[in-house]
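We count ligands from 1, going down the list as the structure has it; atoms in each ligand are counted the same way. The basis for the numbers below is simple: all heavy atoms, side chains too, and nothing from hydrogens, waters or symmetry mates.
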Amino acid sequence: MEKKRVLITTLGCKVNQYESAVLAGLFKKRGYQVVESGNIADVYIINTCTVTHLSDRKSRQLIRRAVTANREAFIAVTGCYAQVAPDKVLEIPGVDLIVGTKDRYKLVDLVERAIKGRGQVNAVRNYKVDEEFEEDSTLPLQERTRAFLKIQDGCNNFCTYCIIPFTRGPRRSRQPLKVIENAHMLVAAGFKEIVLTGIHIGAYGNDLAGDVTLAGLFSQLAAIPGLLRLRLGSIEPNDITPELVNTLSSSPIFCRHLHVPLQSGDDQVLQRMGRQYTTSEYNRLINVLRQNIPGLGLSTDIMVGFPGETSEQFDNTCRFIKRIAFSRLHVFKYSPRQGTPAANFLNQVEPPVKEERSHELIKMGHQLASKFATSFIGQDLEVLVERLLEGRGNNYEGFTGNYVRSVFPGDEGLCGKIVVFRAEKVRGATLEGKVTGLRY
Ligand code: 5AD
Ligand code: SF4
């Protein structure tokens, strides 16, 4: 019998992408053929996101697209949008099964059972207060040389704009032994770089017995033979402890880049967002980081058009961004999420104003990224070579430790190696140059 084909489509954050990669691994283990987008499949899985209303819309679009791609196919929807808006998903004609963010890794069984049964299945379940981390022991199907490793799920922060605590439940950490076991598996599979991901990785260990911290976990992982690079995903400013700064600054394999969400550069807005820091505290933290970690790349999330954001408050944000001189900005337009406090705040900002502010910051982000890359011209940098660029001759791309994209002529043998790259010029925010040596 021919293998059943499964196509997984993913929206949203790195954690969602990681979970889709695990799902792909699970389907493969069960004898399915995992096919890429653009192919026809027998089973479609849509892993949705709901962080803004645009994510909702895209999630619905992708579900409809799967339904029309093959009317005979089985359609399963999972992820954050399915968790918080099951009714909206079930309304879409052709959806056979929905599973939220819980029991995601039971999807293969649920799909097979639902195919045998009849009618639509709603398997979305609510979270308990003392939820445990949902383990997986499968090698996630990830391409390239960089692997994501999920160490944590959920969030208890409840920023006033954010739906995530409702979609992913309370914070919970993966057992350190399991993380380490998984990291060994990834290194044995040939990955050279691991990125620690989660919804709130700075809270790692808080819910576990004993003195478990992110810094401690990092040190244990950094000792794994064969692991050349270790990177941290997004981390909240308040979770960057002196212990963590020490651990990172003294580790030879730490990739010198951090993503520290700021959201706004105005203290009143930060307070209404329920963020637990002021701009001066944020500024002080960045100074400490830069003193201890030379060459640090620093990126951030900024939200524009939060309810009540005046043009003066937006100007404060612009000024603060320039003062910090981030290496990259991720700009979000505030989107009211049902069930969150800010959705009911007065003085919601008009869409054209959000559009204008977002446009301005995106432009500023490009300038800052280009300036950061330019500061490395003439230097020799270590780059992990990832892949050949399509349609660009023999040009390959890779990233420096501090996350500057680098492009250079090369050959297939370089993929997965760390090379010495001489940065010669900048195009956009990408460094161009040549390989002058091999490091590992
Ligand atoms: N509207 C717009 N952006 C949001 N984010 C989170 N919630 C919202 C919302 N309601 C952004 C934040 C966060 C990033 C992952 O998504 O900037 O850091
Ligand atoms: Fe989207 Fe947030 Fe869920 Fe990630 S956690 S998929 S960003 S809603």
Can you list the steps and then say if Ser299 with His257 is a side chain to side chain donor-acceptor pair (under 3.5 Å)? CA-CA 8 Å; Ser299 53; His257 168 253; 2.8 Å; yes
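A salt bridge is defined here as a Lys NZ or Arg NE, NH1 or NH2 lying under 4.0 Å from an Asp or Glu carboxylate O, and Arg172 with Glu134 fails to meet this definition.
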Ligand 1: which protein N/O atoms lie under 3.5 Å from its N/O atoms?
residue: ligand 1; atom: 1 (N); partner: Ser335; partner atom: N; Å: 2.9
residue: ligand 1; atom: 10 (N); partner: Tyr161; partner atom: O; Å: 3.1
residue: ligand 1; atom: 10 (N); partner: Ser335; partner atom: O; Å: 2.8
residue: ligand 1; atom: 17 (O); partner: Gln263; partner atom: OE1; Å: 2.7
residue: ligand 1; atom: 17 (O); partner: Gln263; partner atom: NE2; Å: 3.4
residue: ligand 1; atom: 18 (O); partner: Gln263; partner atom: NE2; Å: 2.8
residue: ligand 1; atom: 18 (O); partner: Asp301; partner atom: OD2; Å: 2.6

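Ordered by chain and number, Cys80 SG make up the set of protein N, O or S atoms under 2.8 Å of atom 3 (Fe) of ligand 2.
Within 6.0 Å of atom CD in Glu356, 12 or fewer heavy atoms from other residues, nucleotides or ligands are found, so the atom counts as exposed in its surroundings.
Between the side chain of Gln152 and the backbone N or O of Ile199 there is at least one donor-acceptor pair closer than 3.5 Å. In this structure, the side chain of Gln348 engages the main chain of Ala342 through a donor-acceptor pair within 3.5 Å.
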Can you give the donor-acceptor pairs under 3.5 Å from side chains of residues 25-32 to other protein atoms, not counting sequence neighbours?
residue: Arg30; atom: NH1; partner: Asp109; partner atom: OD1; Å: 3.3
residue: Arg30; atom: NH1; partner: Glu112; partner atom: OE1; Å: 3.4
residue: Arg30; atom: NH2; partner: Asp109; partner atom: OD1; Å: 2.9
residue: Tyr32; atom: OH; partner: Glu112; partner atom: OE2; Å: 2.7

Please list, one pair per line, the donor and acceptor atoms closer than 3.5 Å that link side chains of residues 318-329 to other protein atoms, with sequence neighbours excluded.
residue: Arg319; atom: NH2; partner: Asn316; partner atom: OD1; Å: 2.7
residue: Ser327; atom: OG; partner: Leu298; partner atom: N; Å: 2.9
residue: Ser327; atom: OG; partner: Leu298; partner atom: O; Å: 3.1

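In this structure, CD on Gln263 lies 7.0 Å from CD1 on Ile302, to the nearest 0.5 angstrom.
The cationic atom of Arg272 (NZ for Lys, CZ for Arg) does not lie both less than 6.0 Å from the six-membered ring centre of Phe306 and within 45° of the ring axis.
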